[in-house]
Amino acid sequence: MESNERQRLMKRAAQLKKATRPPATKAVARRSYDDEDDEPIMVRRRAPSLDDYVWQLLGEEETPTATPLAPKLTGMVVSIGPRVCDVMLEGRLTSCKLSPDLAARQQTELAVGDEAALERRGSDTIVVGVLPRRTKLSRPDAGNCNLERVIVANVDVVVVVVSVISPPLHPRLIDRYLIAIQRGGAIPVIAVNKLDLHSSEADLREDVWRLAPYQALGIPVVLCSASNGRGREELLQALQGRVSAFVGHSGVGKSSLLNMVKPELSLKTGDVSNGYGRGTHTTTKSTLWDLGNETLVIDTPGIRSFGLWNLREDELPYYFPEFAMVGRCKFGDCTHTHEPGCSVKVAVETGTIAEDRYDTYLRIKTTLEK
Ligand code: GDP
Ligand code: ZN
């Protein structure tokens, strides 16, 4: 090393040593020594000498192209596109690129609501990872049932939206969602929309009656009509101060209900076609909306069927809590299908357990592996 270069290095080392020297008060010294008691031996070192600073500078100079450590940045994923996503970062919506590794697995690895680990590289913000999830709502990939698809992450509440008449009420879909919600750790709420469509009080009462088993299980059921504003306050109350996701069949009115609680969103809504009454697919990807007052809602695209991710047959009864409420069956390992002395079957016959729910249990059971 040239002597003037060495001088420059020594000078910088001295400056660095001065700048990083700890205050030498007795109290601080004693406290820091106590603090170190539980730490590994290697951190209990002598004060660094000038040589240490020289070596540190030499180390930095040896790798002049190394990028400085990026600050630890995280942000909530608001929407996802091919190899990109929008993230709420320090209160601002920021367009980010996905790292090549993540982009290759983005359909299974990244979901709206995820807390993304970010790095700034030049003018780009890159998503380099996903933080552990608090809750999730998953289903198997439509093309590969061994692959988990996370629909939304980190939501407190999942609002299962169903409608009456068009499309008609499908309690079986509610049951499937409830299992997935329970497995993922969020709280369920059921919103029944289009209650303006019943042509008679009797029809309305019949549909509401089919929802009684959920209320009996303590699940809030909000009766709504996005057309006339019914249920607005109750729905808003269920969302207030929480992160929620609206899920359900296409055309049931998820976007319309979101517009009802927050008209400023002006979400596009689809037309219901004639016949079966399926809505067009207006919501094609999940998006997180800020309704103000710390209330966040994710609108998800409608789906026609909802598979259950990674559920074993012997776990299934636990997701029907009413089965445990009707007393023990004769056999400890009763599957509640054909066994004599089955309390569940008796309860279905006497109407204590809803026939619709038991029917869902049987149907799901036949699709699961032992
Ligand atoms: P999404 O696919 O679940 O988001 O459903 P949309 O919000 O797009 O609504 C689908 C269709 O149902 C649209 O034509 C809406 O105008 C209609 N719709 C939504 N809510 C109601 C309601 O409460 N009553 C009636 N009669 N129609 C509704
Ligand atoms: Zn039984």
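When a ligand or atom number is given, it counts from 1 through the structure's own listing order. In this chain, numbering begins with 1 at the start of the sequence shown.
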Within a radius of less than 6.0 Å around CZ of R105, do more than 12 heavy atoms belonging to other residues, nucleotides or ligands occur?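 More than 12 within 6.0 Å, yes.
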Please enumerate all residues that pass side chain to side chain contact (heavy atoms under 4.5 Å, CB included) together with D290, with sequence neighbours excluded.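 Partners of D290 under the side chain to side chain contact (heavy atoms under 4.5 Å, CB included) test: L296.
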Sub-4.0 Å heavy-atom approach of G302 to ligand 1: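 No, that is not the case, since the closest heavy atom of the residue is not under 4.0 Å from the ligand.
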Ligand 1 versus L197: contacting region, heavy-atom distance under 4.0 Å: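 Within the 4.0 Å criterion, L197 contacts ligand 1 through side-chain atoms alone.
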For [X], the ligand 1 atoms whose distance to one of its heavy atoms is below 4.0 Å:
X: A226; answer: 20 (N), 22 (C), 23 (O)
X: D196; answer: 22 (C), 23 (O), 24 (N), 25 (C), 26 (N)
X: S255; answer: 4 (O), 7 (O)
X: S256; answer: 6 (P), 7 (O), 9 (O), 15 (C), 19 (C), 20 (N)

Parallel, tilted or perpendicular: ring planes of Y361 versus H336, cut at 30 and 60 degrees: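 Tilted.
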Side-chain contact test, heavy atoms from C-beta onward, threshold under 4.5 Å: evaluate it for L258 versus K254 and give yes or no.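 No, too far: nothing below the 4.5 Å cut-off.
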pair H249-V162: side-chain heavy atoms closer than 4.5 Å: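 A side-chain contact is absent here, since even the closest heavy-atom pair is not under 4.5 Å.
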Using atom types as modelled and distance alone, determine if a side-chain donor or acceptor of E315 lies under 3.5 Å from a backbone N or O of R312.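 Yes; at least one donor-acceptor contact below 3.5 Å.
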When you measure from the side chain of T74 to the backbone of K72, do you find a donor-acceptor pair of N or O atoms at a distance under 3.5 Å?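 Flag not set: sc T74 to bb K72 has no pair under 3.5 Å.
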Quick check: [X] and ligand 1, any N/O pair under 3.5 Å apart?
X: K194; result: yes
X: G251; result: yes
X: N193; result: yes

Just to verify, what does R133 make a salt bridge (Lys or Arg N to Asp or Glu O under 4.0 Å) with, not counting sequence neighbours?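 Listed in chain order: D114.
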CZ/F323 to CG/L316 distance, rounded to the nearest 0.5 angstrom?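 Answer for the CZ-CG pair, F323 versus L316, is 7.5 Å.
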Residue-atom pairs from the protein, N, O or S only, that lie under 2.8 Å from the Zn ion (ligand 2):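 The answer, once waters are left aside, is C329 SG, C334 SG, H336 ND1, C342 SG.
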If the condition is side chain to side chain donor-acceptor pair (under 3.5 Å), which residues does R357 pass it with, not counting sequence neighbours?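 Side chain to side chain donor-acceptor pair (under 3.5 Å) list for R357, sorted by chain: D175, E322.
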